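Structure first, then comments.
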Amino acid sequence: MSQDWDAGRLDSDLEGVAFDTLAVRAGHHRTPEAEHGEPMFFTSSYVFRTAADAAARFAGEVPGNVYSRYTNPTVRAFEERIAALEGAEQAVATATGMAAIMAVVMSFCSAGDHVLVSRSVFGSTISLFEKYFKRFGVEVDYVPLADLSAWDAAIKANTKLLFVESPSNPLAELVDIAALAEIAHAKGAMLVVDNCFCTPALQQPLKLGADMVVHSATKFIDGQGRCMGGVVAGRGEQMKEVVGFLRTAGPTLSPFNAWVFLKGLETLGLRMKAHCANAQALAEWLEQQDGIEKVHYAGLKSHPQHELALRQQRGFGAVVSFEVKGGKEGAWRFIDATRLISITANLGDSKTTITHPSTTSHGRLSPQERESAGIRDSLIRVAVGLEDVADLQADLARGLAAL
Ligand SMILES: *Cc1c(COP(=O)(O)O)cnc(C)c1O
């Protein structure tokens with residue numbers, strides 16, 4: 001079956017095509033049924049023609065599916081499409097974004113190894129390192145994202161991985177990925193980039209020199225808030241390790257979710273352009289309003305790393321954060337006065353969301369930790385969606401009026 005399934009490969013026809021074409025076409029292999037949509041394979045296991053065929057497939061001597069914890073054609077189509085979009089040799093799908101991060105660390109780190117993590121990463125990423133990996137003897141230190149000399153100084157002989165999110169959430173800080181990759185490689189460490197906020201439509205870290213990319217596909221890759229999933233992408237020899245861990249430990253992706261993500265990817269380029277255009281317009285407008293003290297968005301000339309963002313990204317993303325007058329009370333009044341925008345900490349959805357980081361996503365940090373991370377009580381984060389920008393601006397104007 002798998003030989004038939006692989007028979008009409010489209011890969012060769014996709015040499016040299018543009019990103020948006022890959023996003024629609026890559027990973028879809030024509031089957032004898034010649035269906036045009038990506039087929040959804042809802043099966044836990046696969047049948048073999050003969051005992052010898054089963055033995056050969058189990059031994060990996062012939063390609064083909066054995067069990068859906070190992071491989072599933074729909075999941076594979078998603079993996080191939082992501083690999084094409086990230087410019088990776090291979091991609092491996094996971095049950096969630098957190099499972100992707102876990103799989104990378106479990107695949108490459110042992111007790112006694114050291115990992116460097118940028119200070120501003122996703123909250124659950126910090127918990128995973130602090131509560132779990134440390135228990136198994138992995139040393140973890142945190143470095144300010146943008147400070148290249150701090151990264152260089154923090155690398156030790158046992159440093160295996162540098163893990164960063166760029167741009168950061170919610171303050172849109174960046175690190176020069178190409179420069180950081182050089183620093184890592186000079187000392188024998190690997191650079192892993194969580195590319196959730198940009199997606200490959202806006203940033204391709206592997207092309208800048210990073211070793212691996214992880215994603216929460218739950219966010220912009222789905223793009224419509226429907227499914228959980230994740231993915232790791234990188235070189236074949238590394239992905240072999242990640243595949244080995246996932247097959248054994250089991251946090252693999254459901255074929256249904258993979259199918260939803262395939263549909264999401266078909267509009268990724270269009271959606272990211274629209275997210276960026278809406279976010280840019282709102283950021284520029286917010287910057288001129290009286291009640292706003294500061295806007296954090298890399299698309300603004302006032303952003304200290306605007307030049308780096310222009311060089312490293314093809315767009316500035318959907319997340320705009322800003323500080324309002326009146327501290328926490330002001331921020332809460334602003335948020336509560338909006339009517340259209342959803343009050344939720346989620347992002348990467350066609351629906352615009354608004355959140356107060358210091359009492360939600362960053363609420364567990366101590367006041368000093370929040371202060372050093374730049375998460376003020378007056379800070380509001382908006383993950384800009386795909387509604388009409390005039391309606392979004394009108395809703396934010398309700399917030400401003402309530403300050
Ligand atoms: C959401 C998120 C994750 C975790 O992904 P899940 O799919 O929720 O497990 C990891 N990194 C970043 C940057 C995220 O926004």
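Both counts, for ligands and for their atoms, begin at 1 and track the order of listing. Note that the numbering runs from 1 along the sequence shown for the chain. Given the structure is predicted, the values throughout are model-derived calculations rather than measurements. Computation of the quantities below employed the complete heavy-atom set of this structure, encompassing side-chain atoms and omitting hydrogens, waters and symmetry-equivalent molecules.
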For atom 4 (C) of ligand 1, which protein heavy atom lies nearest, and how many Å away is it?
-> Phe122 CE2, 3.4 Å

May I ask you to check whether Asn195 and Gln203 show a side-chain donor-acceptor distance below 3.5 Å?
-> yes

Taking the six-membered ring for Trp and the single ring otherwise, decide whether the centroids of Tyr142 and Phe163 are under 6.0 Å apart.
-> no

Nearest neighbour in protein (non-hydrogen) for atom 8 (O) of ligand 1 | Met228 CE, 3.6 Å

Contact atoms of ligand 1, heavy-atom distance to Gly97 under 4.0 Å = 5 (O), 6 (P), 7 (O), 9 (O)

With no hydrogens and no angle check, do the side chains of His356 and Asp377 hold a donor and an acceptor under 3.5 Å apart?
-> no

Closest to atom 10 (C) of ligand 1 by heavy-atom distance, out of Val319, Asp194, Asn195, Thr218, is Asp194

What do you reckon, are the aromatic ring centroids of Phe316 and His306 less than 6.0 Å apart?
-> yes

Number the atoms of ligand 1 from 1 as they appear, then name those within less than 4.0 Å of a heavy atom of Glu165, with their elements.
-> 13 (C)

NZ or CZ of Lys219 within 45° of Phe122 ring axis and under 6.0 Å = yes

Anything under 30° is parallel, anything over 60° is perpendicular, the rest tilted; go ahead and classify Phe78 against Phe261.
-> tilted

Should Met98 be counted as touching ligand 1, given the test is an N or O pair under 3.5 Å?
-> yes

The atoms of ligand 1 lying under 4.0 Å from a heavy atom of Gly229, numbered in the order shown, are 7 (O)

Where ligand 1 meets Lys219 - atom numbers and elements under 4.0 angstrom, heavy-atom basis | 1 (C), 2 (C), 3 (C), 14 (C), 15 (O)

